[in-house]
Amino acid sequence: MDENECRETLRALCADGGMTLSDREAALCCRHLALVELWNRRVNLTRITGREALIQHVLDSLVPASWLPESGQSLDVGSGAGFPGLPLAVVRPRLEVFLLESDRKKASFLKVAAADLALKNVSVLHGRFEEAPWIPRLCRSTEGPRGHEGAPSFDVITMRAVRMDEAMIRRMGSILAPGGLIAYWAGPSSPVPAQGHVALAGGAVLDRLEDAAYELPGLLARRRLIRWIRRES
């Protein structure tokens with residue numbers, strides 16, 4: 001599938017789902033997918049290619065955008081090939097997106113892709129979320145997100161194809177801004193590590209919101225976006 005066919009197919013799929021995607025946005029998303037397939041020959045980014053990748057990676061990244069903030073600062077944990085972080089950066093130009101990836105080769109790909117797409121609202125970080133050193137590096141950067149007491153403060157943290165537990169959710173909650181969201185892309189049977197409230201330091205809590213369910217063409221199982229919101233005491 002060439003990039004022209006990709007653009008037409010993606011815009012048609014979005015229209016079927018009630019989304020409007022501009023030609024520029026479709027072109028950037030398809031260019032990202034083309035870069036993934038090019039790099040896939042030497043770096044194991046994904047086993048899914050062609051039209052399936054367009055649906056299961058690109059479209060799956062875009063559909064939940066309506067349930068996320070349109071502006072602010074976003075951290076995409078375990079970005080891998082850049083899903084959902086790069087497509088979200090394309091359709092949310094006022095959202096400053098930080099892509100965090102532990103694999104050095106994948107982080108290198110993300111830097112190349114962000115530069116190729118000329119996405120000025122994207123920064124790439126190399127490191128594991130569970131290991132704190134990436135936070136001080138980010139805070140020292142003049143391009144890092146706002147924060148308080150030496151820690152960054154995000155409006156939304158996104159995860160897709162990343163294993164989670166309650167300790168990880170609590171850690172994410174500690175670097176959320178008040179009213180900030182944790183958004184987890186999940187299948188119908190994906191285990192949820194925190195069903196209700198998660199207590200944070202200082203009396204703040206993470207409240208789980210109602211799941212946002214959606215469907216993708218050709219997939220029988222429904223997808224869902226699981227979200228938690230930070231509320232102050």
Side-chain angles (χ1 to χ4, degrees), residues 1-40 45-46 48-101 106 109-125 143 145 154-161 181 183-185 212-219 223-225 227:
M1 180 170 54
D2 62 28
E3 291 189 37
N4 286 332
E5 182 183 357
C6 177
R7 288 200 303 269
E8 293 176 3
T9 303
L10 180 58
R11 293 190 71 185
L13 289 170
C14 287
D16 289 343
M19 295 176 57
T20 300
L21 205 65
S22 72
D23 189 60
R24 176 184 176 277
E25 290 168 341
L28 288 174
C29 288
C30 288
R31 176 59 183 164
H32 172 206
L33 190 58
L35 289 170
V36 169
E37 296 192 352
L38 178 64
W39 274 61
N40 225 18
L45 294 173
T46 177
I48 304 172
T49 59
R51 181 182 170 85
E52 288 187 6
L54 185 64
I55 294 172
Q56 295 188 43
H57 287 327
V58 180
L59 191 64
D60 190 37
S61 298
L62 292 173
V63 171
S66 61
W67 295 301
L68 300 177
E70 294 189 4
S71 61
Q73 295 179 131
S74 171
L75 176 67
D76 187 37
V77 177
S79 290
F83 305 107
L86 285 176
L88 288 177
V90 168
V91 298
R92 292 285 186 266
R94 294 190 293 119
L95 192 67
E96 188 177 6
V97 179
F98 294 85
L99 307 178
L100 178 63
E101 173 53 48
K106 292 179 180 178
F109 164 75
L110 292 171
K111 291 178 182 178
V112 169
D116 187 284
L117 301 176
L119 293 174
K120 296 182 179 180
N121 60 329
V122 172
S123 300
V124 178
L125 304 168
E143 298 179 355
F154 295 99
D155 299 287
V156 59
I157 299 176
T158 59
M159 293 154 296
R160 184 177 180 269
L181 291 175
Y184 178 46
W185 272 245
Y214 60 97
E215 297 179 356
L216 295 175
L219 297 182
R223 299 281 294 162
R224 57 182 175 151
L225 188 71
R227 297 166 298 160

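Considering all non-hydrogen atoms of both residues, G72 and D155 come closest at CA-OD2, 3.2 Å. Summarising the geometry of L99 relative to V122, their closest heavy-atom pair is CD1-CG1, 3.7 Å, with the distance given to 0.1 Å. Between F109 and A81, the shortest heavy-atom distance links the atoms CE2-O, 3.3 Å. Of all heavy-atom pairs spanning P87 and G82, the tightest one is CD-O, 3.3 Å. Taking every heavy atom of both residues into account, P64 and S61 meet most closely at CD-O, 3.7 Å. Contact between L33 and C6 at its shortest, heavy atoms only, is CD2-SG, 4.4 Å.
Side-chain N or O atoms of E101 include one that pairs as donor or acceptor with a backbone N or O of G80 at under 3.5 Å. No side-chain donor-acceptor contact under 3.5 Å links N121 to the backbone of V97. Put simply, the side chain of D76 gets close to the backbone of G85: a donor and an acceptor are under 3.5 Å apart. Judged purely by atom type and a 3.5 angstrom limit, R92 uses its side chain to pair as donor or acceptor with the backbone of A65. R7 places no side-chain N or O within donor-acceptor distance of the main-chain N or O of A27, the cut-off being under 3.5 Å.
Listed by chain and residue number, R41 satisfy the side chain to side chain contact (heavy atoms under 4.5 Å, CB included) test with L38 (two or more places apart in sequence, or in another chain). Under the ring-ring contact (aromatic ring centres under 6.0 Å, His included) criterion, W185 pairs with no residue, sequence neighbours left out.
Interatomic distance, CG of L216 versus CG of L13, reported as 9.5 Å (0.5 Å rounding). Taken to the nearest 0.5 Å, the CD1 atom of I55 stands 10.5 Å off from the CD1 atom of I48. Atom CG of D116 sits about 4.0 Å away from atom CZ of R31, to the nearest 0.5 Å.
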Q | Stepwise side-chain contact (heavy atoms from CB on, under 4.5 Å) test for R160 and H57 | A | CA-CA 10 Å; R160 184 177 180 269; H57 287 327; 3.3 Å; yes
Q: Step by step, work out the side-chain contact (heavy atoms from CB on, under 4.5 Å) result for T46 and F83.
A: CA-CA 11 Å; T46 177; F83 305 107; 5.8 Å; no
Q: Might you work through the side-chain contact (heavy atoms from CB on, under 4.5 Å) test for L88 and S74, ending with a clear yes or no?
A: CA-CA 10 Å; L88 288 177; S74 171; 5.6 Å; no
Q: Please step through side-chain contact (heavy atoms from CB on, under 4.5 Å) for the pair L68 and L225, ending with a clear verdict.
A: CA-CA 10 Å; L68 300 177; L225 188 71; 4.1 Å; yes
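Just one residue in the list V90, L62, L10, T20 forms a side chain to side chain contact (heavy atoms under 4.5 Å, CB included) with E25, and that residue is V90.
Atom CZ of R51 has 12 or fewer neighbouring heavy atoms from other residues, nucleotides or ligands inside a 6.0 Å radius. No more than 12 heavy atoms of other residues, nucleotides or ligands lie within 6.0 Å of CD in E52, so this atom counts as exposed by the packing criterion.
You'll find the side chain of L59 reaches within 4.5 Å of the side chain of P217, heavy atoms only.
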